[in-house]
Amino acid sequence: MKPTPPPSPSSRPTRSGVAPLPLPFGIFGHVRQVIGRMGGSPDRRVLFWLVIGLVVVIVSNMGGQLWLNEWQGHFYDALERRDWPSFVHESLNFLKIAGTLLTLVVAQTWLTEMIKIRFRSWLTESLLDDWLREKRTYLLSFAGEAGANPDQRIHEDTRHFAELTADLGASLLQATLLLVSFVGVLWVLSEQVKFEIGGKLVGIPGYMVWCAIGFALAGSTLTWWVGRPMVADNAARYAREAELRFALVRIGESAEGITLYGGETDERRTVAVLFDNVVRAMRRLADDLARLTWVTSGYGWLALVVPVIVASPGYFVGAMSLGGLMMVVNSFNQVQNSLRWFVDNFSRLADWRATFMRIEALHEALASLDRPNGVHGHIDFVVDPNDGLTFDDFELALPSGRAAFEKPSLSIGAGERVQIFGEPSAGKSTLFLTLAGLWSRGNGTIRLPPRDRIAFLPERPYFPLGSLREALAYPDPGQDFDNRSMEAALEMVGLKRLTNCLEDVERWDKQLSNDEQQMLAFARVVLHRPAWIIMDDATSDLDITQTRRVFAALDTLTEVTVVSLTRSEDLGDFFRRSIRLGRRPRISGWRAKPVGAQG
């Protein structure tokens, strides 16, 4: 009986239809963790210099903006005086300013895109290193919501997060430098804004600065209040999209079975439900965005007239010229544009945070697979110095019930050929996963040879994408074996017709029939010549002739130990010993170690 994942407490629904992904250290704590993980990465130095280059370009851009602001004063003053020579001179100066700013904008765009590429490269490599460690890809399937759809998190979420981080980081830096550059200018220009009170002109120190801060603060506060639900709703949408994509991929992978059963209508209903979930998540986001647009767009329209209105008293009383007014208005816009960065980018910030939460939740789930949990009832695994397989006081916990041998302790010595059999649901497949280190619920100790001396043959073998050579040599590189050895292995198991196909690239799990896939798995074993072979119904699709052929191939491996887990006892000429695995009733109050823990 195959083990099934226990229900996760994180599966409880929330307002958004998806469980929140916990970030136990807070968003800033996880940002520090990301920076810390970059410590040993070769991408860190490249990213550092790219960021330094971006800072230099943005600072230069700010200088260009100050140059442009000063030019506006001279240009509008020339218009007001109807001074044609000055007007022409300032028009030519504008070409210099525009050319400089254009060059800086192009440089900023290129540097930002390179940061995206490098940052995504590091994020993806880091997640792949954590995910594709021994046993983790399997154990992650039991991690609940946090470990769901790792393919999307590694492929799509890292891309999206890298792009958002680079864009938002560059715009935040630019907004900060704009604020630093223009707040002093605006403070000085505020002296030109005078109010006529009792026949006297009175100025307020920093008047335009305070107006810009108040205007931006009001918009930011309203934006945060209206846009808060977007973080959870973005996370919900990504989860629902991942579920739909997984279902569609699964249909493509299982097309033959679906067609044979005539299950297209049922699959259509399933996909319809998943797509409805996606549409509902998108509608929630659309509603959120519509509400937010009332604030952001209204704020943008007001920003066109507010600086002119608040600075107009100084112009109408004659304290400033038209050029001076335009300089004040432009400086105000630059300051309030910097301060309204939060308003303009709130929806993207919500998207950034939701994506970041998904990536960090996967990191947390992967890291938790290595943490001991201290729950009673687990199997201890020890390397046997005598290269044997020993079960001491062994009892196997199943999702419902438990299983054990007729004797609580037994040994299998090197060179033996042993069958372990039992009725359906006796736990043979779970025992197979246990010996591979993928299941640790139960009691007792298992002493077994080092992992690199054992070949595990499941009922359904796995073949990587690529050539037949790579499928046969897996998990070693194809070039590690010569053609003669590979052709001999194929011929020994009855796949002589494939000896001329070593360089052919196919989906071998689709190209070959089930019995041919099992024979190819035995050819792989013959090629690698392991000391131990542990099989789980690895000959279930073979007829008697094919079975005898693959066992004859195994006979050529000297001093090999073969342990076969199968449904029924059939010693024949190959196996010399038989052990029965039986199912037992559950003991009340017995607790087992969760699947995610390692023994």
Side-chain angles (χ1 to χ4, degrees), residues 1-5 134-135 137-139 141-142 379 381 389 391 394-399 401-405 410 412 416-442 446 448-449 451-463 471 474-475 493 509 512-526 528 530-544 546-547 550-551 553-554 557 560-572 574-583 595 599:
M1 180 176 180
K2 300 280 186 185
T4 54
E134 185 179 7
K135 304 175 185 176
T137 52
Y138 175 80
L139 294 175
S141 61
F142 297 92
I379 299 168
F381 297 88
L389 176 59
F391 299 88
F394 174 73
E395 182 180 64
L396 183 63
L398 305 176
R402 57 198 183 100
F405 302 118
L410 59 87
I412 298 174
E416 285 196 78
R417 297 173 179 179
V418 180
Q419 270 191 343
I420 299 177
F421 73 97
E423 68 275 7
S425 301
K428 300 181 300 301
S429 293
T430 306
L431 177 59
F432 177 77
L433 295 175
T434 302
L435 294 174
L438 300 180
W439 183 264
S440 57
R441 290 183 172 190
I446 299 178
L448 68 172
R451 178 66 175 80
D452 58 4
R453 292 176 57 80
I454 308 174
F456 291 94
L457 269 68
E459 184 175 7
R460 287 286 164 261
Y462 170 76
F463 303 108
Y474 187 81
V493 300
D509 56 338
L512 301 178
S513 61
N514 289 341
D515 60 329
E516 288 177 322
Q517 291 182 44
Q518 289 188 340
M519 288 191 290
L520 184 58
F522 278 101
R524 181 190 288 166
V525 168
V526 171
H528 285 83
W532 282 72
I533 301 172
I534 299 178
M535 307 185 296
D536 177 28
D537 276 329
T539 60
S540 59
D541 290 315
L542 304 184
D543 60 28
I544 186 64
Q546 292 170 322
T547 301
V550 296
F551 282 164
L554 296 183
L557 305 180
V560 66
T561 308
V562 182
V563 178
S564 176
L565 294 98
T566 184
R567 297 183 181 89
S568 60
E569 183 180 16
D570 182 17
L571 294 177
F574 187 80
F575 293 100
R576 302 287 188 268
R577 183 180 172 193
S578 179
I579 300 172
R580 185 179 184 278
L581 180 69
R583 192 175 178 87
V595 174

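Because only heavy atoms are used, hydrogens play no part in the values below, and waters and symmetry mates are left out as well, while side chains stay in.
Ring geometry for F575 against F551 counts as perpendicular: the plane angle is over 60°, on a 0 to 90° scale with 30° as the lower cut.
A salt bridge between D537 and R567 is present, with a side-chain N of the basic residue lying under 4.0 Å from a carboxylate O of the acidic one. Contact check on R460 versus D541 returns a salt bridge, with a Lys/Arg side-chain nitrogen under 4.0 Å from an Asp/Glu carboxylate oxygen.
In this structure the side chain of L581 reaches within 4.5 angstrom of the side chain of F405, judged on heavy atoms. Between Q517 and D509 the shortest side-chain heavy-atom distance falls below 4.5 Å. Side-chain contact check for L435 versus F391: some heavy-atom pair is nearer than 4.5 Å. A heavy-atom distance below 4.5 Å is not found between the side chains of T561 and I454. Side-chain atoms of S440 and F381, non-hydrogen and from C-beta on, do get closer than 4.5 Å to each other. Looking only at side-chain heavy atoms (C-beta outward), Q518 and L520 stay at 4.5 Å or farther from each other. Counting heavy atoms from C-beta on, the side chains of W439 and L396 come closer than 4.5 Å. Side-chain contact check for L457 versus D536: every heavy-atom pair is 4.5 Å or farther apart.
Across all non-hydrogen atoms, the minimal contact from P461 to E459 is CD-O, 3.4 Å. For the pair P530 and V560, the tightest heavy-atom approach, listed with the atom from each and the gap, is O-CG2, 3.5 Å. Across all non-hydrogen atoms, the minimal contact from A538 to F522 is O-CE1, 3.6 Å. Scanning all heavy atoms of the two residues, the minimum distance from G422 to K428 falls at O-NZ, 3.4 Å. Closest non-hydrogen pair, M519 versus V493, comes out as SD-O, 3.2 Å. Closest approach of A455 and V525 over heavy atoms only: CB-CG2, 4.4 Å.
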For this session: Give the intermediate values and the outcome of side-chain contact (heavy atoms from CB on, under 4.5 Å) for residues I379 and T434.
Result: CA-CA 9 Å; I379 299 168; T434 302; 3.9 Å; yes

For this session: I would like to know whether R577 and E416 meet salt bridge (charged side-chain N to carboxylate O under 4.0 Å, His left out); could you show each step before the answer?
Result: CA-CA 8 Å; R577 183 180 172 193; E416 285 196 78; 3.2 Å; yes

Problem set entry | From CA spacing to verdict: side-chain contact (heavy atoms from CB on, under 4.5 Å), I534, V562 | CA-CA 6 Å; I534 299 178; V562 182; over 6 Å; no

For this session: Apply side-chain contact (heavy atoms from CB on, under 4.5 Å) to V563 and I412, showing your working.
Result: CA-CA 9 Å; V563 178; I412 298 174; 4.2 Å; yes

Problem set entry | Criterion side-chain contact (heavy atoms from CB on, under 4.5 Å) on W532 and L389, from CA distance to verdict | CA-CA 10 Å; W532 282 72; L389 176 59; 3.7 Å; yes

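Atom OG of S578 and atom CD of Q419 lie 6.0 Å apart (nearest 0.5 Å). Going from atom CD1 of I579 over to atom CD1 of I420 covers 5.0 Å, rounded to the nearest 0.5 Å. Atom CG of residue L433 and atom CG of residue L438 lie 5.5 Å apart, to the nearest 0.5 angstrom. Atom CZ of R453 sits about 12.5 Å away from atom CD1 of I533, to the nearest 0.5 Å.
Within the 3.5 Å criterion, the main-chain N or O of F574 finds a donor-acceptor partner in the side chain of R576.
Defined by atom type and a distance below 3.5 Å, a donor-acceptor pair is missing between the side-chain atoms of T539 and Q546.
Ring to ring, F463 and Y474 are not that close: their centroids are 6.0 angstrom or more apart.
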